[in-house]
Amino acid sequence: MKLFEIFKKKSFPPLVCRPADIIDFFQECLNIGAPEASFEIEYKKQVYPLGISSDYTQQKGFFDIKFYLDTQEFDTLEDFCANAKLQNQLFMNLETIKILRDLDYGDPRNNILLEKREIKKG
């Protein structure tokens, strides 16, 4: 088995945070000029993709930035915050979000901002 395949199958303890923490992380990605993030989240025992995607060329840099949640796409972070929904619930109104994996790095705790804001039980 290839190393990448092992990495993809590795399981990590979920990281629980607030939707506002994820928005702060997205804003940090925009601020540093790296609008790329891909998560796998769980809500009511269903798994969904969540993140930022963009295109890149050496001439333009990053462009065509999209924020996504499941099959929904938004052109701005403000639009995402105002309209993104999970199971007919506004994303920003959810109490907590369970991040199962960072699809780029595996363990969601590799994101320092999210790791610092993790809601820990006990």
If you look only at distance, which donor and acceptor atoms sit under 3.5 Å apart when one is on a side chain in residues 22-30 and the other is two or more places apart or in another chain?
| from | atom 1 | to | atom 2 | distance (Å) |
| --- | --- | --- | --- | --- |
| Asp24 | OD2 | Arg117 | NH1 | 2.4 |
| Asp24 | OD2 | Arg117 | NH2 | 3.4 |
| Gln27 | NE2 | Asn31 | OD1 | 2.9 |

Pairwise distance CG(Leu94) to NZ(Lys85) - rounded to 0.5 angstrom: 11.5 Å
Separation of Arg101 CZ from Phe12 CZ (nearest 0.5 Å): 8.0 Å
Gln46 CD to Lys44 NZ distance, which is reported to the nearest 0.5 Å: 10.5 Å
Which residues share a side-chain hydrogen bond (donor to acceptor under 3.5 Å, both in side chains) with Gln87, sequence neighbours left out: Tyr48
Which residues share a side chain to side chain contact (heavy atoms under 4.5 Å, CB included) with Asn110, sequence neighbours left out: Tyr105, Asp107
Listed partners of Phe74 passing ring-ring contact (aromatic ring centres under 6.0 Å, His included), at least two apart: Phe80
For the student: nearest non-hydrogen atoms of Ala84 and Leu90, plus distance: O-CD1, 3.4 Å
Ile119: hydrophobic cluster co-members (side-chain, 4.5 Å): Val16
Evaluation steps, side chain to side chain donor-acceptor pair (under 3.5 Å), between Ser54 and Glu36: CA-CA 7 Å; Ser54 62; Glu36 293 285 333; 2.6 Å; yes
Residues that, via side-chain heavy atoms closer than 4.5 angstrom, fall in one hydrophobic cluster with Ile112: none
Residues clustering with Leu100 (ILVMFWY side chains joined when closer than 4.5 Å, directly or via others): Val47
Cluster link Leu114 to Tyr68, ILVMFWY, side chain under 4.5 Å: no
Side chain to side chain contact (heavy atoms under 4.5 Å, CB included) partner of Ile41, the single match among Leu50, Asp70, Leu15: Leu50
Whether Gln72 side chain and Leu69 backbone form a donor-acceptor pair below 3.5 Å: yes
Pairing residues for Arg18 by the salt bridge (Lys or Arg N to Asp or Glu O under 4.0 Å) criterion, not counting sequence neighbours: Asp21
Residue list, salt bridge (Lys or Arg N to Asp or Glu O under 4.0 Å) with Glu78, at least two apart or on another chain: none
Set of salt bridge (Lys or Arg N to Asp or Glu O under 4.0 Å) partners for Glu42, sequence neighbours left out: Lys98
All side-chain hydrogen bond (donor to acceptor under 3.5 Å, both in side chains) counterparts of Lys66, not counting sequence neighbours: Asp75
Taking every non-hydrogen atom, the tightest pair across Cys81 and Met92: O-CG, 3.2 Å
Side chains of Cys17 and Ile99 in contact at under 4.5 Å (non-hydrogen atoms): yes
Which residues share a side-chain hydrogen bond (donor to acceptor under 3.5 Å, both in side chains) with Thr76, sequence neighbours left out: none
Min side-chain heavy-atom separation Asp79-Phe67 under 4.5 Å: no
Backbone of Leu113 reached by a side-chain donor or acceptor of Asn111 within 3.5 Å: no
